Amino acid sequence: MLRLRFALLLGVGLGCSTTTTQSPVSTADSTGNTVADAGADAADAQANLPPRICKTPGALGIPTFTDVSAAMNLGSTADTFSVGSAIEAADVDGDGFADLFVAAVTSHRQITDPNWAGKPLHFLLMNRADPAHPGQRKFVDTTAESGLLATRDGKGNRGWGLANLGDLNNDGHVDAVLCPSDEVTSAAAAPEDACDAMLGDGQGHFSLAPTSELNKKAFWVPGSVLLDYDRDGFLDFWPSTVAHWPYNPADPNIPPTLFRGDGTGAFTNVSKDVGLPTKDGTLAKGTQWRHVFGNVACDLDGDGDDDMVFASYGREECQAWLNDGGQFSEVGHQLGLDHDDRVDYSDDVSFRCFCAANPTDKHCQPMPPAPGVSCVDAFGAGSGPYFRGWMPGITDQAYSLGGNYFSFACGDIDDDGDMDLLSATIVHGDVGSAADPSELILNPGDGSKFTRPGNVATGLDRPEKGVYWNHGESMAVMVDVDLDGLKDVMWTQTGAYGPTDTASLFQQQVDGTFVRIDDQAGLITKDIRNYGVPAWIDIDGDGDLDLVSSTNYAASKGEVVRPWLIALRNDQAQQQNLVRIHLDGGATPAGQSGGVNRSAIGARVRVTAGGRTQTHVVMGGYGHGNAQHDLMLTVGLGAACDIDAIEVRWPDSQGTVSNYKDIRANRDVTLTFGSPTVVYGTKAY
C-alpha cells in the first residue's frame, strides 16, 4: 500500500516573523555551565561544532524490551511503589532525566479498602543516580519532602488523580497542576482537594501557588491540558469536564471550562469570554454539555494557535473547538470529528432484540435478522429486556451513533506537515458496525473534513468474532519506539474487562501501514498485559524511549492484584541516530505578554534529515488520565547521521519561526526563543 499522503497546510498563519540562523554554537562543560562562543561568525560556528557522530544501524527489526522494574526500584517487590494508574513525566530538577508524578487508584486523601488502607497513594519519583551501582539509575520516592502533599486547609496528605507539568511562572522550573480524577458521587465521597497549582523550585520541591478560581471548587477531571491558548506567554489550563453522567446524580453538571493563567500560578475562569457554552442544551441540537473523558490541544488548522478536541464518552458526539485569536467555535461536525460516517445500526443486537419483541414497529421495516442470542439480561441483572436497550427516535439518531471515546492523541503521523489524530474508544461486539473504533483520523491539511482510512487499510485492525467481546482502549499514543523517524501507535486498556484486555503496539512501516508487534517486543507477558497511562521516556540516559507504566492484572490466573509500576528498557532503538531537543521559551515576566511560555508548550518543531521532514509538538498533557511524556522532544533519525535543518514555530503572539541549519545528531540540543545559538550538551549518544 502506498504511504497515505494528503495536501500540505496552506501557510502557518498571518503576522509571522522569521529568524534564520546559521547555527552559531555553544556547548556545556562538565559542570553543566554554558560555555558560549559569543560573537562567533558562521564559519567559526561551523569549525566549533561538536564532533560528528554517525551510527550505521543494521536492518530494522522489531524492537525488544527488558523488564528492569526491580533495578529501577519499581515493581511488585517494591511495596512503596506498588501503585500507579496515572503517570506523568518531566525533568523537575534539571538533571536531564525525566521524573515521575504517580497517582494510584484514587485521588482521595485516604481510602478505606483494607488492601490499600494506610498505603501511600500519590508519589513524586525522582530519577537519580544509583550510588550502589555506578552508571545506573533508579527512581527514588521524594514525595514526603517534595511539598506536593500540602493542602489549603493545612492538614496535608493531598490527593490527586492526574498532573499537568509545565512552567507556570516562567522562572525556568517545572511546576504542576494537580486535579482529582474521581467522579463525585456524594458530599462524603467527593474528592477533598480541588485542582491546584504547585510551583517548583527546580530541586524537586513544590509550594502552593496563589489562591485563584482554579482551586475554588472540586469536580471530576478525567483528563486535562496545559496550553497557551491566547499566546500571551503564560500557560493556561483546560480540564476535561463531565455533565449528565447517568450513574451518579450527585455529580454536578460541569460545562466546558478554560482557566487563563496570569504567569504567577493563579488562574481565572474565562470560559464565557472565549465563547464556550455556559448554557446547557440538547444532544439533538448539538448544544448539550458532554461526558468529556479526555481532551487534547492540537493545531488543527495550522494557524499557530492550539485548538481543542473533546473525546466524548457514551456514544455522544465528540467536539472540536477551533481557536481564532483566542475565541472558540465548535466545528466537530464540519471536520468529521464528531463521529465517523458508519451509522448503519441494523447489526446492533439491541436493535434486533427490540424488533424481535416489536415486529410491527415502523423502525423494524424491513425486519432485521434475528438477534441470534438471548435478549434478556445479556450483560447482567437489570440490563433490561432488549440487551443494552433500544429507544426509537433516540438511539437511532446520528447523535447517538458515535463512539465511547476516551482519548485523542495528536501528531503528524504521516509526515505531511499537519496534525492528525489517533482515537481511543471502547467498542462492544454487540453494538455492531456503527460504533466508532479506535483508529487513525487524518488531516487533509486544507481545512476540509478529516478522513478515516480504516483499520483494515492501515493494518491497525484487530478482528473479533461473535457478540461477547470488548476493546476497552482508553489511551492512544503516537511514539517513535524504534527511532526510525516514523511514529508508531500504542493503545492501552481500561482494565474494565479483566485479563482479556491487553495493550497493543503497532510499528509503522515505510509504506505508512502498521504491523502489530507488542507480543514479539516483550510488552505482553503472563504478568504484564494491561497498562494504565504510559510514559515513554529515557530512563537510563542512552537516548531512546523506554516505557514506564502500570499493570492491573495477573493475566496468568485472571485474578485481580494490586497494580504495580513497571519499567521496560528499550534494548535496540539506541542503535539509530537521534536528537533530543529542549526548547526554552525564555522569561516572560508576569505583567508582560506576547512572549513564549518558558516550557514552549505548543511549539511546533520540524526536523529535516535524510531527505525527510518530520513534525513534533511540545505538549502539556492530553487524554484520559492524562499522558505526558516529558517536555524534551526525542526525534528518531534512523540512518540519517546529519540534521539539515530544524524549524521551530514558537507559540508567541507573532508566531515567530526560527530556522537552524546543519545541526549535529546524537546530542542534546537546546534552542532558546530569541537566540540564534544552538547549545549542545556534552553527552553523546
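Since we're looking at a predicted model, the values are computed, not measured.
- Taking the six-membered ring for Trp and thresholds of 30 and 60 degrees, His629 and Tyr622 have ring planes inclined between 30 and 60 degrees apart.
- Between the Asn358 side chain and the Phe354 main chain, a donor and an acceptor come within less than 3.5 Å of each other.
- With sequence neighbours excluded, no residue forms a side-chain hydrogen bond (donor to acceptor under 3.5 Å, both in side chains) with Thr257.
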Pair Arg231-Asp306, salt bridge (charged side-chain N to carboxylate O under 4.0 Å, His left out): steps then yes or no | CA-CA 9 Å; Arg231 295 192 290 179; Asp306 274 329; over 6 Å; no

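- With sequence neighbours excluded, the residues forming a side chain to side chain contact (heavy atoms under 4.5 Å, CB included) with Ser433 are Asp347, listed by chain and number.
- Between the side chains of Ser423 and Glu439, no donor-acceptor pair of N or O atoms lies under 3.5 Å.
- No close placement of the His291 and Tyr313 rings is indicated, their centers lying 6.0 Å or farther apart.
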Show your reasoning for whether side chain to side chain contact (heavy atoms under 4.5 Å, CB included) applies to Asn157 and Thr151.
-> CA-CA 7 Å; Asn157 196 25; Thr151 56; over 6 Å; no

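- Checked against side-chain hydrogen bond (donor to acceptor under 3.5 Å, both in side chains), Tyr405 has the following partners two or more places apart in sequence or in another chain: Asp436, Arg452.
- The two residues Cys195 and Pro180 make their nearest non-hydrogen contact at N-CD, 3.8 Å.
- A cation-pi arrangement is present between Arg462 and Trp491, with the terminal nitrogen or guanidinium carbon under 6.0 Å from the aromatic centre and inside a 45° cone about the axis.
- The closest donor-acceptor contact from the side chain of Asp228 to the backbone of Asp232 lies under 3.5 Å.
- Under the side-chain hydrogen bond (donor to acceptor under 3.5 Å, both in side chains) criterion, Ser240 pairs with Asn295, not counting sequence neighbours.
- Ion pairing between Arg649 and Asp299 holds under the 4.0 Å rule for side-chain N and carboxylate O.
- The NZ atom of Lys155 lies 15.5 Å from the CG atom of Leu149; values are rounded to the nearest 0.5 Å.
- Not one N or O on the side chain of Glu317 forms a donor-acceptor pair closer than 3.5 Å with the backbone of Gly402.
- Distance check: Thr425 OG1 to Phe408 CZ gives 9.0 Å after rounding to the nearest 0.5 Å.
- The distance from atom OG1 of Thr211 to atom CG of Asp196, rounded to the nearest 0.5 Å, is 7.5 Å.
- Residues passing the side chain to side chain contact (heavy atoms under 4.5 Å, CB included) test with Lys449, sequence neighbours excluded: Asp341.
- Here the closest non-hydrogen pair linking Tyr229 and Gly326 is CE1-O, 3.8 Å.
- Minimum heavy-atom separation, Trp238 to Leu258: CE3-CD1, 3.7 Å.
- In this structure, Arg352 contributes its side chain and Ser346 its backbone to a donor-acceptor pair below 3.5 Å.
- For Asn443 (side chain) and Asp418 (main-chain N/O), no donor-acceptor pair under 3.5 Å exists by modelled atom type.
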Hey, mind stepping through Gln288 and Glu316 against side chain to side chain contact (heavy atoms under 4.5 Å, CB included) and telling me if it holds?
-> CA-CA 10 Å; Gln288 181 170 298; Glu316 296 179 344; 4.1 Å; yes

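- Side-chain atoms of Gln327 never come within 3.5 Å of backbone atoms of Leu322 as a donor-acceptor pair (strictly under, hydrogens ignored).
- Phe101 is linked by a ring-ring contact (aromatic ring centres under 6.0 Å, His included) to Phe206, counting only residues two or more places apart in sequence or in another chain.
- A donor-acceptor contact shorter than 3.5 Å links the side chain of Asp396 to the backbone of Ile394.
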Audit row: Asp412, Met419, side chain to side chain contact (heavy atoms under 4.5 Å, CB included) steps and yes/no = CA-CA 5 Å; Asp412 183 9; Met419 293 294 103; 3.7 Å; yes

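- Residues Gln397 and Leu283 are not in side-chain contact: their nearest non-hydrogen atoms beyond the backbone lie 4.5 Å or more apart.
- Below 30°, between 30° and 60°, or above 60°: for Phe219 and Phe259 the angle between ring planes is below 30°, a parallel geometry.
- Remark: Cys355 engages Cys364 in a disulfide bond (SG atoms under 2.5 Å apart) (not counting sequence neighbours).
- One N or O on the side chain of Thr241 and one on the backbone of Pro255 form a donor-acceptor pair closer than 3.5 Å.
- Relative orientation of the Tyr345 and Trp390 rings is tilted, given thresholds of 30° and 60° on the angle between their planes.
- Atom CG of Leu401 sits about 8.5 Å away from atom CG of Asp348, to the nearest 0.5 Å.
- A distance-only check finds a donor-acceptor pair linking the side chain of Asn626 to the backbone of Ala163 [under 3.5 Å].
- A distance-only check finds no donor-acceptor pair linking the side chain of Glu88 to the backbone of Gln628 [under 3.5 Å].
- Put simply, CD1 on Ile87 and CG on Leu162 are 13.0 Å apart, with the number rounded to the nearest 0.5 Å.
- Nearest approach of Leu440 to Asn455, heavy atoms of both residues: N-OD1, 4.5 Å.
- Asp361 and His363 share a donor-acceptor pair across their side chains, judged by distance under 3.5 Å alone.
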Phe267/Leu168 under side chain to side chain contact (heavy atoms under 4.5 Å, CB included): CA gap, chis, key distance, verdict = CA-CA 10 Å; Phe267 292 84; Leu168 303 178; 4.0 Å; yes

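- Taking the ring centroids of His244 and Trp289, they lie at or beyond the 6.0 Å cut-off.
- A distance of 7.0 Å separates CG of Asp236 from CZ of Arg260, quoted to the nearest 0.5 Å.
- The two atoms that bring Asp305 and Asn323 nearest to each other are OD1-O, 3.2 Å, heavy atoms only.
- Residues passing the side-chain hydrogen bond (donor to acceptor under 3.5 Å, both in side chains) test with Asp167, sequence neighbours excluded: none.
- Side-chain contact check for Asn597 and Ser599: no donor-acceptor pair (N or O, by modelled atom type) lies under 3.5 Å.
- The side chain to side chain contact (heavy atoms under 4.5 Å, CB included) check on Val174 picks up Ala90, Val92, Leu165, Leu631, with sequence neighbours excluded.
- Salt bridge status for Asp193 with Arg152: absent, with no side-chain N to carboxylate O gap under 4.0 Å.
- For Phe123 and Trp160, the ring centers are positioned 6.0 Å apart or more.
- Closest heavy-atom contact between Met198 and Asp175: O-CB, 3.3 Å.
- For Asp280, there are no salt bridge (Lys or Arg N to Asp or Glu O under 4.0 Å) partners two or more places apart in sequence or in a different chain.
- Under the rule for a side chain to side chain contact (heavy atoms under 4.5 Å, CB included), the partners of Lys285 that lie at least two apart in sequence or sit in another chain are Thr282, Thr287.
- The disulfide bond (SG atoms under 2.5 Å apart) pairs that include a residue from residues 264-304 are Cys298-Cys410, where partners are two or more places apart or lie in different chains.
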